[in-house]
Amino acid sequence: MGLRLYLILFYILLSSCQKSDQIIESEVCIYGNSSASILAAIQLKKRGREVVIVSPDKYMGGMTIEGLGGSDINNHAGFKNDAVIGGLTLAFYKEVARHYGITNFDSARARTGTWRFEPHVAKGIFDRWLAELEIPVYTETRLRLSPDAVKKENGKIVSFETLKGKTIRAALFIDASYEGDLLHYAGVSTIVGREPNSLYGETKNGIRENNTYRNFEVKVDPYIEPGNPESGLIHTIQDEALGEAGTGDRRIQAYCFRACLTKEAANRVPFIRPENYNRDWYEIYLRYLDAGGTLYQPSYSIPNNKTDLGAWHDLSHNLYGMNHEYPEGDYKKRQEIYQYHLDFTRGLFWFLANDPEVPAEVRQEWRQWGTTKDEFTDNEGWPRMLYIRDGRRMQSDYVITEHHTRKDSTVLIEDPVAIAFWPPDVHHVRRIVKNGQAYNEGFVFGGENWKPFPISYQSLVPRKSECTNLLTPTCLSSSHIAYGAIRLEWTFMLLGEAVGMAADLCLEKNIAVQDLPYADLKIKLEENRQIIEMQPNQY
């Protein structure tokens, strides 16, 4: 009898332990793998809050550790956008500088040169920060993508469930993902794609009738049998009509890999032909070259002779129109899109370096390059995630629009938490046929009528009727065109800090995120040396 009772108690205890392992509780839960997740968590931890990060991916740091090596700071003629970077975000870049042997960060060399970094260096800094503060991080822990996965009571998220059966409970939640899954499944209004210009009185949103920026510099026949529309279209071209200029749609700007390549023999891994290589995918590149076009090629842009090879050209590894199902797709669909982009890009680089129909001078240049031995070592030198330039965007009572970005704007921001210092920048959304030629549609970049602008706290909170304990630094309420001026990694980091401080204050005061007095948040922002105002002579 004693043994039987012992066994019963043992199994009850075991069952209880197993059940508790499936429940994660904290004051604040941050969902997402981005750099904003990390900065928000650090701000909360420094303020004595219990915080956990739940990441759907294996690594923390988002695009900051996946190849985007700081190329959007101090690189555009006519402005110095490092002036708006403060707080822990600036501390991150100072850590970068110290890694590369620069201790006087205010020197001219430092202010122009040390914003660039290798992926593993950024990862090392983030990993160390998280470890030093003992911030719990649950990686590869994905939200179950179902309306009943997020539990709410009285307008507040109580918990959410993961694919593997864990339950995450917290008093306050932050969606710092690129996709906006937690926002969406919590019942917060979100949008994917381009609004019509008429919705907010914009001029750069919706379908673009005439695109000259990053469009084909030569005439490229789009048909499988040149000159014959009945033969079908070659790969990367979609069979779609242009549509009516300025109207909205659900198309999103292209994704790509920020490829880290090198010519250094000691660190170079030559491009290899993928197992599922499909030469037909690259017909458009041959036609482009035959028509006299000049293809892009790698160049060193980050330390130790490496590239941060993005894709914003008329023809590159930016795959216009091949990602539209990603933001609202399930994990299987997203993995399919990732794998297609990876297969295409690996095959493209091998094709440019080896195919006998590619001009010899092009092959000779590309053959000198390869992936690196010391980056993304678990993925054969390729980034583990795509550059998600567009996901869901929250739609709250306050929406940032093109009007905020304009130099002639009269929009007054009374509750700034950070400065967006980049022009509206949205890549092409598709490649179609126009006037019998291949045509890229959708790119908007720069222009004369833009300026840095403050980002309102109101854009980080949902409608009060939808949720009162949720913030987002990455999927903030903005139009498609305005988001293009915000979607930079360092801007996300600054916003991550801001929502971390806001979350702490909301918990302290036991109030809804919509009810936070800005005067209180401003004090914390200024104490943290966030830059929330700019002088006209700074741009």
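What you see below is based on every heavy atom in this structure, not just the backbone, and it leaves out hydrogens, waters and symmetry mates. Just so it is clear, the model here is predicted, and its values are computed rather than measured.
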**Report entry** Exercise: do Asp504 and Gln43 side chains pair donor with acceptor under 3.5 Å
**Finding:** no
Query raised in the report: Among side-chain atoms of Gln458 and Asp397, is any donor-acceptor pair under 3.5 angstrom?
Result: no
Query raised in the report: Can you find a side-chain donor-acceptor pair between Asp415 and Ser456 that sits under 3.5 Å?
Result: yes
Requested in this report: Please name the residue in the list Phe117, Trp115, Trp490 that meets the ring-ring contact (aromatic ring centres under 6.0 Å, His included) test with Phe92.
Outcome: Phe117
**Report entry** Tyr138 ring center within less than 6.0 Å of Tyr31 ring center
**Finding:** no
Report task. Could you tell me whether Lys58 and Glu140 have a side-chain N and a carboxylate O separated by less than 4.0 Å? Result -> no
Requested in this report: Tell me yes or no: between the side chains of Ser55 and Asp57, is some donor less than 3.5 Å from an acceptor?
Outcome: no
Report task. Using a strict 4.0 Å threshold on nitrogen-to-oxygen distance, state whether Asp181 and Arg334 make a salt bridge. Result -> yes
Requested in this report: Please check if any side-chain donor atom of His480 sits under 3.5 Å from a side-chain acceptor atom of Glu195, or the reverse.
Outcome: no
Report task. Please check if the distance between the ring centroids of Tyr326 and Tyr255 is under 6.0 Å. Result -> yes
Query - Face-on cation placement of Arg384 at Tyr59 ring, 6.0 Å and 45° thresholds - result: yes
**Report entry** Name of the residue among His313, Arg214, Arg389 meeting side-chain hydrogen bond (donor to acceptor under 3.5 Å, both in side chains) with Asn318
**Finding:** Arg389
Query raised in the report: Does the pair Arg406/Asp408 count as a salt bridge with the N-to-O cut at 4.0 Å?
Result: yes
Requested in this report: Could you walk me through whether His324 and Arg250 pass side-chain contact (heavy atoms from CB on, under 4.5 Å), step by step?
Outcome: CA-CA 8 Å; His324 294 165; Arg250 297 182 66 78; over 6 Å; no
**Report entry** Glu202 side chain to Ser479 side chain, donor-acceptor N/O pair below 3.5 angstrom
**Finding:** yes
Query raised in the report: Using 30° and 60° as the class limits, which term best fits the ring planes of Tyr483 and Phe492: parallel, tilted or perpendicular?
Result: tilted
Requested in this report: For this output row, return yes or no: ring centroids of His341 and Tyr320 closer than 6.0 angstrom.
Outcome: no
Requested in this report: Scan side-chain atoms only and decide if Glu50 and Ser26 contain a donor-acceptor pair under the 3.5 Å cut-off.
Outcome: no
Report task. Return yes if a side-chain donor-acceptor contact under 3.5 Å exists between Thr468 and Gln514, otherwise no. Result -> no
Report task. Please determine, by modelled atom types, if Thr167 and Glu161 share a side-chain donor-acceptor pair under 3.5 angstrom. Result -> no
**Report entry** Modelled atom types, side-chain donor and acceptor of Arg463 and Ser189, under 3.5 Å
**Finding:** yes
